[in-house]
**Q** 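One structure follows; several queries about it will come next.
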Amino acid sequence: MGAIHSSISEAFPPRPEWTAKDIPDLSGKVTVVTGANTGVGWETAKALLEHNAKVYVAARSPEKAHKAIEELKSVTGKQAYFLKLDLADLKSVKAAAAEFNSKEPELHILFNNGGVMAPPVEQLTADGYDLQFGTNVLGHFYFTKLLLPTLLAGTKTSGDGHVRVVNTSSIAHIFAGLDFNTFKDGPARLKAGTEKLYMQSKNGSVVFATELARRYGDKGVISTSLNPGNVRTELQRHLKGAAASILYYISYQPWEGALTQLYAGTSVAGKDLNGKYLIPFARVGSAHANTRDPKLGEDIWTWLEEQTEGI
């Protein structure tokens, strides 16, 4: 009941008490935002630059990323940096992490923001996983895992002994659990359908974030997950019919959608949010009960580790 009550509050949030103007000075902080070439990710990068962070725009398309970086510079006067990352290709994820680690000895804030929503069910990752779970969960897990040494190094210069990993989920996570039989291609995955697979991937994002909090919280890594809200962005480009119409009329702007993850990643209060699930705007909410199950967290972590061995 807690998650259902929270979902109503998530869909129709009160006006924010915390805004981007409340972000502290981020001079000296190194940040990465996946999917920062558009939408909520772009707005997140913009706010970080405006508060003096060093920002890496991690995205698949160099053309789109460089255009976004030019726009960010035009708006903020600050230079962001491109990091080529295709979350649907584990070798690309490995290459992106290696490139970042070669350039930066420390990382202070990682926004696992990028993702896909309801693409044609036939689409798979380069490694044969369901495109949504492979991108939204497996890709971000592997990227985070490879950046952990750099994140841990960042605890020494963060100012408060903590770094942050912010994982963008969705209100949709409460409508599906995790069926391990659908993570890779096969009859069960096709039968589930693209919308359920999306919901499952967002559930997996919360499970991963919560398990990361369990494993690394005592080492200074603050891991959170969140629903950015019903935001009008390119993410919904595959939606059709009634679902698209409903989301359009109850949605709000990308800069509003960025508030909750900026709160998790930059606010002073954020250092006390390890393992929490946040809702619009910049509030602590209640995730689905399954996402807090330590056994499920251990099981999904083990599965994710197995998939990324030997890449």
Side-chain angles (χ1 to χ4, degrees), residues 30-37 41 56-62 65 81-107 110-116 119 122-154 163 165-169 178-186 188-189 197 200-216 219 221 223 225 296-311:
V30 180
T31 69
V32 174
V33 186
T34 70
N37 59 294
Y56 282 85
V57 171
R60 180 178 58 182
S61 168
Y81 301 90
F82 174 51
L83 183 65
K84 183 172 174 53
L85 169 68
D86 183 352
L87 289 162
D89 184 338
L90 293 175
K91 289 182 180 178
S92 171
V93 174
K94 183 176 182 179
E99 180 182 351
F100 178 84
N101 289 334
S102 73
K103 293 179 177 179
E104 300 289 347
E106 299 162 350
L107 174 60
L110 170 60
F111 290 90
N112 286 328
N113 164 85
V116 292
E122 295 80 11
Q123 293 186 10
L124 303 171
T125 71
D127 305 285
Y129 298 93
D130 172 65
L131 182 61
Q132 297 181 89
F133 200 86
T135 300
N136 300 347
V137 185
L138 180 58
H140 275 129
F141 164 83
Y142 192 39
F143 192 50
T144 304
K145 175 187 174 182
L146 295 174
L147 294 179
L148 272 170
T150 318
L151 281 162
L152 292 172
V163 293
V165 179
V166 183
N167 301 278
T168 305
S169 181
L178 296 180
D179 180 355
F180 284 62
N181 293 319
T182 64
F183 297 167
K184 290 185 176 180
D185 195 23
R189 190 188 74 85
L197 292 169
Q200 171 177 260
S201 76
K202 289 306 181 179
N203 187 280
S205 295
V206 182
V207 174
F208 158 61
T210 307
E211 184 64 15
L212 180 66
R214 287 192 194 98
R215 291 174 181 249
Y216 289 91
K219 297 176 176 63
V221 177
S223 172
S225 58
L296 181 60
E298 182 177 350
D299 288 347
I300 194 64
W301 191 280
T302 298
W303 185 90
L304 293 165
E305 287 272 20
E306 290 172 352
Q307 310 314 303
T308 54
E309 286 179 2
I311 299 298

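Quick note: numbers below take in every heavy atom, side chains included, and nothing from hydrogens, waters or symmetry partners. Sequential numbering from 1 along the given sequence is applied to the chain's residues.
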**Q** Counting only heavy atoms not in Lys91, do more than 12 sit closer than 6.0 Å to its NZ atom?
**A**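 Result for NZ/Lys91: open.
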**Q** OG1 of Thr168 to NZ of Lys202: how many Å apart, nearest 0.5 Å?
**A**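 Separation between the atoms: 6.5 Å.
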**Q** Just to verify, what does Ala188 make a side chain to side chain contact (heavy atoms under 4.5 Å, CB included) with, not counting sequence neighbours?
**A**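 Partners of Ala188 by the side chain to side chain contact (heavy atoms under 4.5 Å, CB included) criterion, ordered by chain and then number, come out as Asn181, Thr182.
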**Q** Output all residues satisfying side chain to side chain contact (heavy atoms under 4.5 Å, CB included) with Pro62, sequence neighbours left out; order by chain, then residue number.
**A**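 His66, Phe82, Lys84.
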**Q** Determine, step by step, whether Phe141 and Gln307 satisfy the side chain to side chain contact (heavy atoms under 4.5 Å, CB included) criterion, reporting the C-alpha distance in whole Å, the side-chain angles of both residues, the deciding distance to 0.1 Å, and the verdict.
**A** CA-CA 10 Å; Phe141 164 83; Gln307 310 314 303; over 6 Å; no
**Q** Rounded to the nearest 0.5 Å, what separation is found between the OG1 atom of Thr125 and the CZ atom of Phe133?
**A** 11.5 Å
**Q** Quick check: do Phe143 and Leu110 have side-chain heavy atoms less than 4.5 Å from each other?
**A** yes
**Q** Test Ile300 against Phe183 for side chain to side chain contact (heavy atoms under 4.5 Å, CB included), laying out the working first.
**A** CA-CA 11 Å; Ile300 194 64; Phe183 297 167; 3.7 Å; yes
**Q** Which atom names give the shortest non-hydrogen contact between Gly297 and Val207, and what distance separates them?
**A** CA-CG1, 3.9 Å
**Q** Identify the heavy atoms of Gln123 and Arg189 that sit nearest to each other, and give their distance.
**A**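 Scanning both residues, the minimum pair turns out to be O-NH1, 4.0 Å.
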**Q** If you measure from CG on Leu212 to NZ on Lys145, what distance do you get to the nearest 0.5 Å?
**A**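 If we round to the nearest 0.5 Å, Leu212:CG and Lys145:NZ are 12.5 Å apart.
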**Q** Stepwise, does the side chain to side chain contact (heavy atoms under 4.5 Å, CB included) test hold for Tyr81 with Lys103?
**A** CA-CA 11 Å; Tyr81 301 90; Lys103 293 179 177 179; over 6 Å; no
**Q** Over all heavy atoms of both residues, which pair between Leu90 and Tyr142 is shortest? Give the atoms and the distance, please.
**A**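 Where Leu90 meets Tyr142 most closely, the heavy atoms are O-CE2, 3.4 Å.
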**Q** Donor-acceptor pair, distance only, cut-off 3.5 Å: does the side chain of Glu106 make one with the backbone of Val30?
**A** no
**Q** Please report the interatomic distance CG(Asn203) to CG(Leu296), rounded to the nearest 0.5 Å.
**A**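 So the gap between those two atoms works out to 7.5 Å.
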**Q** Would you say Leu151 and Leu148 make side-chain contact, with heavy atoms under 4.5 Å?
**A** yes
**Q** Could you report the tightest heavy-atom contact between Asn113 and Gly35, atom names first, then the distance?
**A** ND2-O, 3.4 Å
**Q** Hydrogens and angles aside, do Ser92 and Asp86 bring a side-chain donor and acceptor to less than 3.5 Å of each other?
**A** no
**Q** Out of the candidates Val116, Asp130, Thr34, only one should pair with Thr135 under the side-chain contact (heavy atoms from CB on, under 4.5 Å) rule; please name it.
**A**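 Of all the options given, the one that passes is Val116.
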**Q** Testing the 3.5 Å rule here: is there a donor-acceptor pair between the side chains of Asn112 and Thr144?
**A**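 Side chains of Asn112 and Thr144: pair found under 3.5 Å.
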**Q** Give the minimum heavy-atom separation between Val33 and Ala36, together with the two atoms involved.
**A** O-CB, 3.4 Å
**Q** Indicate yes or no for a side-chain donor-acceptor contact from Lys94 to the backbone of Asp89 under 3.5 Å, with no hydrogens or angles considered.
**A**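 The answer is no, because no donor-acceptor pair under 3.5 Å joins these two groups.
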**Q** Apply side chain to side chain contact (heavy atoms under 4.5 Å, CB included) to Thr210 and list each qualifying residue two or more places apart in sequence or on a separate chain.
**A**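 Once residues adjacent in sequence are excluded, the partners of Thr210 under the side chain to side chain contact (heavy atoms under 4.5 Å, CB included) criterion are Val206, Arg214.
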**Q** Could you measure the distance from the CZ atom of Phe100 to the CG atom of Leu107? Nearest 0.5 Å is fine.
**A**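 Reported to 0.5 Å precision, the distance equals 4.5 Å.
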**Q** Say whether, by atom type as modelled, one donor and one acceptor occur between the side chain of Asp127 and the main chain of Thr308 under 3.5 angstrom.
**A** no
**Q** Does a side-chain heavy-atom distance below 4.5 Å link Gln132 with Gln200?
**A**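 No; the side chains remain at least 4.5 Å from each other.
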**Q** Rounded to the nearest 0.5 Å, what's the gap from OG1 on Thr31 to OH on Tyr56? Could you check?
**A**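 Those atoms lie 9.5 Å apart.
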**Q** Measure across Ser201 and Asn136 and return the closest heavy-atom pair with its distance rounded to 0.1 Å.
**A**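 Between these two residues, the closest heavy atoms are OG-ND2, 3.0 Å.
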**Q** Determine whether Asn167 and Ser223 satisfy the following criterion, side chain to side chain contact (heavy atoms under 4.5 Å, CB included), listing intermediate values before the conclusion.
**A** CA-CA 8 Å; Asn167 301 278; Ser223 172; 3.6 Å; yes
